[in-house]
Amino acid sequence: MVITKRTLVAALAIALPIASSPKSDKSFQKKLGKDEQILHALDRLSFGPRPGDMERLKKIGLKKWIDQQLHPEQIRENVALELQLLPLESLRMTPMETVQRYPPPQLIKAIADGKQPLPEDPVLRATVERLVARYKARKGEAPAGNGAELEPVHPLDEVLEPWELQTLRAGTPDKKRELLETMPPDKLEEMLVAMPRPQRQKLFDSAPTDVRRKILLLNAPQQVVAYDLLESKLLRAIESNRQLAEELDDFWFNHFNVFYEKGSDRFLIPEYERDAIRPNVLGKFRDLLEATAKSPAMLFYLDNFQSVRADVDANNKNRKVKRGLNENYGRELMELHTLGVNGGYTQQDVTEVARCFTGWTILEPRKGGGFFYNDKLHDKGEKVVLGHVIPAGGGMDDGEKVLDILATHPSTAHFISKELAQRFVADDPPNSLVEQMAQTFLATGGDIREVMKTMLDSKEFWSQGAYRAKLKTPFEMVASSVRALGADVTDAWALANKVGDLGEPLYRKQEPTGYSNLNSEWVNSAALLNRMNFGLQLAKNGVAGVKVDTRRFGNNPDAVAKTLMFRSASSQTRSAINKALKDQKQRTPGLVAGLVIGSPDFQRR
């Protein structure tokens, strides 16, 4: 069943006010009941409750659970999750290792020209040989067509038994997966190398994670990094015991956004998220700010690796295109990362900040090199930033002084506090709460954990004004749906693609703003229609890699709504679901559960 626009009309009557009717100030003074508080905590500090979570929190105690989430290093991680993440090797590599393992076009050229050796790994070697052949064919140095693909050492019918060939050609997805999971590693690799590219690609949806990665490695090696990033992002949101840390990872990545599709960032982002974002989500803001500033991913994304003092090429007659100052990072550092657009800086401040960061660059950016300060490219003159004089003759410390100024500025304290309150409380949080959080920020030297504590200790957070006042982003919608259904996720690639289909392709926000968490960004009739159809597809086991046991739901809409939303559905939602079911010949548990997941009530958190 696919929900039509006519069915959507009843739902829109309750969905649209999410964006257009903010809660009144008085509602932020009304305290939630005990059960509402538990549900509210699970809605805001995790990617939604799973079956049994309400009871677990009651047993642990809400205060103790929150304290645990504020100290994720003290929480034992889900062992099953760690096993699922184990095959995703690129997440643990340095950028240089990633370039070697998943070669970009420039490395293929170097190998074709004899400047780099072929890799030893058999699958990677076969990949590189094919890519080199294609490169030479395009240059006219080798025949195109079959020659560009190379012949395998053994034909496919010599590698596989007839029954294995038949299973791969006509078997069910489960049978194909079973065969691939039980095949000896050497035989599996020989089979994949022997297969034509289109045949390998047809196996992708049925394959387990390690085989999918081998298929990608043979067909498009750089896509393995994207696969690992997306797979891990969804798996962590769904399965991690450190839910608040995952929420904050998403928050800070969008705050310090970088774009996967921009050149070298394709192999720089895993290290960026692993080493700059994740360790600092609840630490000192100043540490997080410097970690992002020195990250090759950020230096490349906002072009600061190319920013040099204005006169560096003044006497170089051989250089046709003169290098110079680039203000991209200086501008976004103040507008998006610290002070905010109304934080009191001027265009002159932008220029002065950019001068302070000249020489902050990347060692061999196309080969995955790390942060490197080049003093020869640095502007040694005096700078004045927000009224602070930075004396002439400085070096890398000029940039660090700017970070000190910005990290301790009252405008930064207010801007960061408001953004956190918008994510966790309401789109238009009470000024009194934002000011309390900002005061904590300044008093603790930008301690993010303490700022979060101030928010979580406030009456505003535990109020009717905050309760169900936020609309889930597509990422939150997909993760919370899987959690609510208690689904078994063997791999999350298809789920990650669904997030993109719903309007939030992960790691692919081109603008430095990152994805917004404001309701107005995600409320429109087309988006809500797509969410409804996703809910139906998921609940009826139509998403690869995800299994839902719908037998426990039954077909009573009221009971299913309470099971999946941990609260009773609104009268409008019950009416809309009953109307959608009216013309259906069979009211199956999957259909009812899908309608609940796709309902406007479920979109709120």
Side-chain angles (χ1 to χ4, degrees), residues 256 258 272 276 280 284-365 369-416 441-442 445-446 512:
F256 294 103
V258 294
Y272 176 66
N280 296 299
K284 289 294 185 91
F285 180 75
R286 172 65 176 78
D287 295 339
L288 176 57
L289 191 62
E290 181 165 345
T292 57
K294 288 183 176 178
S295 170
M298 183 64 74
L299 289 164
F300 189 87
Y301 173 56
L302 291 178
D303 305 311
N304 200 80
F305 79 107
Q306 296 176 323
S307 186
V308 301
R309 71 175 195 271
D311 63 346
V312 73
D313 290 329
N315 299 318
N316 188 346
K317 295 180 181 179
N318 295 324
R319 182 177 281 274
K320 294 180 180 180
V321 179
K322 305 293 184 184
R323 292 173 293 174
L325 193 67
N326 189 300
E327 297 182 353
N328 287 355
Y329 178 67
R331 180 176 296 103
E332 307 308 350
L333 174 63
M334 289 191 284
E335 179 180 331
L336 298 177
H337 298 175
T338 56
L339 305 175
V341 68
N342 298 314
Y345 66 91
T346 65
Q347 173 55 40
Q348 184 61 32
D349 288 316
V350 172
T351 302
E352 297 292 271
V353 166
R355 291 176 61 212
C356 288
F357 284 100
T358 50
W360 286 47
T361 187
I362 307 171
L363 188 65
E364 297 187 291
F371 171 77
F372 173 65
Y373 171 71
N374 190 337
D375 195 62
K376 293 179 181 179
L377 304 179
H378 184 63
D379 185 329
K380 296 284 186 176
E382 179 184 275
K383 298 100 176 171
V384 181
V385 176
L386 298 170
H388 296 264
V389 176
I390 297 176
M396 188 173 78
D397 61 323
D398 284 356
E400 291 171 341
K401 288 175 182 177
V402 169
L403 298 180
D404 288 338
I405 293 166
L406 295 176
T408 56
H409 198 283
S411 292
T412 298
H414 185 274
F415 182 64
I416 297 301
F441 187 103
L442 294 171

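Count residues from 1 along the sequence.
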Please report the closest heavy-atom contact between Lys380 and Asp375, naming both atoms and the distance.
NZ-OD1, 2.7 Å
side-chain contact (heavy atoms from CB on, under 4.5 Å) filter on Asn374, not counting sequence neighbours, yields Thr361, Phe372, Lys376, Leu377
Rounded to the nearest 0.5 Å, what's the gap from CG on Asn328 to CG on Asp303? Could you check?
5.0 Å
N/O donor-acceptor pairs under 3.5 Å from side chains in residues 330-339, not counting sequence neighbours:
from: Arg331; atom 1: NH2; to: Glu327; atom 2: OE1; distance (Å): 3.3
from: Thr338; atom 1: OG1; to: Leu333; atom 2: O; distance (Å): 2.7

Considering residues at least two apart in sequence or located in another chain, which fulfil the side-chain contact (heavy atoms from CB on, under 4.5 Å) criterion with Arg286?
Glu290, Glu400, Leu403, Asp404, Ala407
Least distance between heavy atoms, Val402 atom then Ile390 atom:
CG2-CD1, 3.9 Å
Partners passing side-chain contact (heavy atoms from CB on, under 4.5 Å) against Val389 (at least two apart in sequence or in another chain):
Glu382, Val384
Given side chains that start at C-beta, do those of His409 and His414 come closer than 4.5 Å, heavy atoms only?
no
To the nearest 0.5 Å, what is the distance between CE on Met298 and OG1 on Thr292?
5.0 Å
Of all the heavy-atom pairs spanning Phe441 and Ala413, show the shortest one and how long it is.
CD2-CB, 3.5 Å
Can you confirm whether Leu325 sits close enough to Thr358 that some side-chain heavy atom of one is under 4.5 Å from a side-chain heavy atom of the other?
yes
Interatomic distance, CG@Asn304 vs CD@Gln306, rounded to 0.5 Å, equals 9.5 Å
Between the CG atom in Leu299 and the OG atom in Ser307, the distance rounded to the nearest 0.5 Å is 10.5 Å
Keeping Thr412 on the side-chain end and Thr408 on the backbone end, is there a donor-acceptor pair under 3.5 Å?
no
Results of ring-ring contact (aromatic ring centres under 6.0 Å, His included) for Phe357 - residues two or more places apart only:
Tyr329, Trp360
Could you give all pairs that pass the salt bridge (charged side-chain N to carboxylate O under 4.0 Å, His left out) test and reach residues 387-398, with sequence neighbours left out?
Lys383-Asp398, Asp397-Lys401
Grab the two heavy atoms, one from Val258 and one from Tyr301, that are nearest each other, plus how far apart they are.
CA-CD2, 3.7 Å
Is the backbone N or O of Gly359 less than 3.5 Å from a side-chain atom of His378, with the two atoms forming a donor-acceptor pair by type?
no
Nearest 0.5 angstrom please: Asp379 CG to Glu352 CD, how far?
8.5 Å
Heavy-atom closest contact (Pro296 atom, Gly369 atom, distance)
CG-O, 3.8 Å
Let me confirm one number: the OG-OH distance from Ser411 to Tyr345, rounded to the nearest 0.5 Å.
10.5 Å
